[in-house]
Amino acid sequence: MESTGSPHWPRELPRHIELPRTSVHYNLEVSAHRYPEKPLCIFYDSPLTYGKAWLEVLELAGFLRARCGVKRGDRVLLFMQNSPQFILSYYAILRADAMVVPVNPMNLSDELRHYVQDADATTAIVGQELFAQVQPLMGTGGLDHVIVAAYSDYLTQPTDLKVPEHCAAPRAAIAGPGVTLWSDALGAKLEPGPTEAGPDDLCVMPYTSGTTGLPKGCIHTHGTVMNTIVAGALWFRMIPDSAILATLPYFHVTGMQGSMNSPIYGGCTIVLMQRWDRDTAARLIERHRVQAWTNISTMAIDFLSNPDLGRYDLSSLRRIGGGGAAMPEAVAQRLKDLVGLDYIEGYGLSETIAPTHINPPDRPKKQCLGIPIFDTDVRIVNPDTLAELGPDEIGEIVSAGGQIFKGYWKNPEATAAAFFERDGKRFFRTGDLGRRDEEGYFFIVDRLKRMINASGYKVWPAEVETMLYRHPDVQEACIVGTPDANRGETVKAFIVLKSGRKENVRSEDIIAWAREHMAAYKIPRVVEFADALPKSATGKVQWRLLQEKEFTKA
């Protein structure tokens with residue numbers, strides 16, 4: 001049964017929207033022509049206007065085309081922290097008719113190599129503090145051109161705010177074959193020429209992992225990305241006078257769409273933070289009269305637990321919400337008591353470029369995914385037979401809509417396994433178990449896929465295991481989630497050491513090695529050594545048995 005007829009649809013909104021048949025970068029061009037002197041973003045009290053931003057996007061796009069040889073459909077790595085340069089790079093890559101490959105800045109060289117090679121990327125735009133991770137991948141590593149940005153170039157005004165160390169660092173004299181400083185790339189004043197990209201062209205490719213193997217690229221076009229840009233702007237009434245606090249990382253689809261692309265489409269001002277700091281967030285809300293803030297529950301919990309929160313004027317806030325993990329009911333009530341707002345939860349994946357579901361702002365439910373947004377058909381099916389299930393029956397959440405990705409990059413087998421057709425629609429299998437109540441609201445129950453949700457970061461055990469097998473003393477490894485008071489879940493490794501190494505290797509050694517080879521959020525915080533791992537009759541490690549025992553023990 002179709003899910004598009006919820007009786008609690010927001011009163012002011014149509015159920016169907018007509019999407020622009022234009023490229024995503026055109027959204028910035030339009031807002032720049034409409035509001036040239038208005039701040040697109042305010043970065044620790046330093047404004048960047050829409051007009052100046054668009055001019056710099058054109059200059060950077062011109063450099064990408066003329067000096068880096070970027071062509072229509074090419075993939076360009078974007079490897080930096082939240083900053084004005086991230087926004088400018090994202091839109092310049094699109095204006096060059098290329099595809100953005102956003103990469104978590106916590107990744108190290110060993111992890112980054114996969115993204116470069118899999119995406120066939122020859123150009124990257126990076127923050128200067130991350131250049132050391134990129135440098136080994138230049139030349140024979142696959143990258144021919146790297147543009148290096150210093151965030152402090154855009155700190156143009158004095159501030160009393162707490163500015164992160166990497167953000168405040170002065171521009172470094174980084175040089176070498178194929179390396180260009182951001183300032184020099186813009187200083188070349190090159191023209192990008194006409195744009196050809198339209199709604200069916202490649203736009204952005206976030207990577208996601210799964211039950212096996214390395215991360216997979218999710219192919220999104222300008223059309224799929226435009227879908228949730230427009231949907232988010234309408235659902236949350238993003239109007240030009242709005243100020244949006246951006247604290248979620250832009251490499252992730254929730255931050256990318258909800259705190260960057262939708263506000264730009266609406267002509268809003270983005271109040272941009274590079275690193276989470278609860279006092280800085282409160283001061284920014286007060287100082288810039290922020291109306292809306294999309295976050296993850298761990299940020300909201302930390303924000304609300306601040307003993308000094310009462311010192312700040314938060315009266316401008318009109319909306320707070322997010323996703324990634326359910327908001328605890330007690331914390332949601334504290335938010336309601338403090339500022340009179342309900343926490344608006346939503347649900348989406350990299351494959352859906354953020355939301356397929358959002359709670360109606362006027363009638364949200366707690367710890368709920370929400371209802372399917374515009375023109376999105378979501379159903380609950382039996383994960384084995386794909387038979388459709390009724391209200392309050394638990395099954396796999398499957399979605400069909402204009403925001404669904406086109407497939408996994410260079411992985412037709414995984415793409416075929418992720419979809420099925422019904423009623424003339426192509427449904428994506430999310431791998432999440434959920435249910436739908438009588439009023440059309442959806443709730444998540446469990447995951448079919450192996451995944452650990454650590455402070456909103458998705459950790460895929462198979463990827464961590466693959467890295468651990470490179471350790472010279474590890475014979476076998478199995479990764480599971482274990483409850484954590486601060487992160488919700490954290491990463492635990494069951495390790496079988498090679499013969500003769502049991503007396504020489506400690507858990508601290510494994511953790512220290514992991515810290516050198518993988519992003520911080522993936523590192524096992526707990527290591528337990530075992531003589532053997534439980535296996536099935538076919539020899540497969542029974543990770544689910546270890547996972548169940550871990551949560552039972554906790």
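Numbering of residues begins at 1 and proceeds along the displayed sequence. In what follows, every heavy atom counts, from backbone to side chain, and hydrogens, waters and symmetry copies are set aside.
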A.B. asks: Just to verify, what does Asp392 make a salt bridge (charged side-chain N to carboxylate O under 4.0 Å, His left out) with, not counting sequence neighbours?
C.D. replies: Arg435
A.B. asks: Does the distance from a Lys or Arg side-chain N to an Asp or Glu carboxylate O, for Arg334 and Asp337, drop under 4.0 Å?
C.D. replies: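 Result for this pair is no, no salt bridge flagged.
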A.B. asks: Is a salt bridge present between Glu548 and Arg544, judged by a nitrogen-to-oxygen distance below 4.0 Å?
C.D. replies: no
A.B. asks: My understanding is that only residues two or more places apart in sequence, or in another chain, count here; which of them pass ring-ring contact (aromatic ring centres under 6.0 Å, His included) with Tyr250?
C.D. replies: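 Here the qualifying residues are Phe86.
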A.B. asks: Tell me the closest heavy-atom pair linking Ser262 and Ala233, and the distance in Å.
C.D. replies: OG-N, 3.8 Å
A.B. asks: Output all residues satisfying side-chain hydrogen bond (donor to acceptor under 3.5 Å, both in side chains) with Tyr441, sequence neighbours left out; order by chain, then residue number.
C.D. replies: Arg363
A.B. asks: Tell me the ring pair (Phe, Tyr, Trp, His ring centres under 6.0 Å) pairs involving residues 251-285, sequence neighbours left out?
C.D. replies: Trp276-Trp293
A.B. asks: Of all residues at least two apart in sequence or in a different chain, which pass the side-chain hydrogen bond (donor to acceptor under 3.5 Å, both in side chains) check with Ser46?
C.D. replies: none
A.B. asks: Are any of the side-chain nitrogens in Asp313 or Arg289 under 4.0 Å away from the carboxylate oxygens of its partner?
C.D. replies: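 Yes, this pair counts.
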A.B. asks: For residues His8 and Ile371, report the shortest heavy-atom separation together with the two atoms involved.
C.D. replies: O-CD1, 4.1 Å
A.B. asks: Mind checking salt bridge (charged side-chain N to carboxylate O under 4.0 Å, His left out) for Lys336 and listing every partner two or more places apart, or none if nothing turns up?
C.D. replies: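 Lys336 satisfies salt bridge (charged side-chain N to carboxylate O under 4.0 Å, His left out) with Asp342 only.
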A.B. asks: Has the side chain of Ser305 got a donor or acceptor atom that lies under 3.5 Å from a matching backbone atom of Ile301?
C.D. replies: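 Yes; judged by distance alone, with no hydrogens or angles, the pair exists.
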A.B. asks: Using the salt bridge (charged side-chain N to carboxylate O under 4.0 Å, His left out) criterion, which residues pair with Arg422? Sequence neighbours excluded.
C.D. replies: Glu388
A.B. asks: Is Arg275 paired with Asp277 through a side-chain N to carboxylate O contact shorter than 4.0 Å?
C.D. replies: no
A.B. asks: Would you call Glu421 and Arg426 a salt bridge, taking side-chain N to carboxylate O under 4.0 Å as the test?
C.D. replies: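 Salt bridge absent between Glu421 and Arg426.
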A.B. asks: Going by salt bridge (charged side-chain N to carboxylate O under 4.0 Å, His left out), name the pairs with one or both residues in residues 84-107, residues two or more places apart or in two chains.
C.D. replies: Arg65-Asp97
A.B. asks: Can you list every ring pair (Phe, Tyr, Trp, His ring centres under 6.0 Å) pair that touches residues 370-408, not counting sequence neighbours?
C.D. replies: Trp9-Phe374, Trp235-Phe374, Phe405-Tyr408, Phe405-Phe419, Phe405-Phe428
A.B. asks: Let me see the working for Asn295 and Ile320 under side chain to side chain contact (heavy atoms under 4.5 Å, CB included), right down to the final yes or no.
C.D. replies: CA-CA 8 Å; Asn295 53 51; Ile320 300 181; 3.5 Å; yes
A.B. asks: With sequence neighbours left out, what residues match Asp384 under salt bridge (charged side-chain N to carboxylate O under 4.0 Å, His left out)?
C.D. replies: none
A.B. asks: Regarding Arg287 and Asp45, does a basic nitrogen lie under 4.0 Å from an acidic carboxylate oxygen?
C.D. replies: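 Looking at Asp45 together with Arg287, the answer is yes, because their closest N to O distance falls below 4.0 Å.
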A.B. asks: Could you pull out all residues at least two apart from Tyr457 that satisfy side-chain hydrogen bond (donor to acceptor under 3.5 Å, both in side chains)?
C.D. replies: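 Not a single residue meets the side-chain hydrogen bond (donor to acceptor under 3.5 Å, both in side chains) criterion with Tyr457.
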A.B. asks: Please check this pair: side chain of Asn261 against backbone of Ile229, looking for a donor-acceptor N/O pair closer than 3.5 Å.
C.D. replies: no
A.B. asks: Quick one: ring-ring contact (aromatic ring centres under 6.0 Å, His included) partners of Tyr115, sequence neighbours excluded?
C.D. replies: Tyr207
A.B. asks: State plainly whether the residues Glu12 and Arg237 are in salt-bridge range, i.e. N to O under 4.0 Å.
C.D. replies: yes
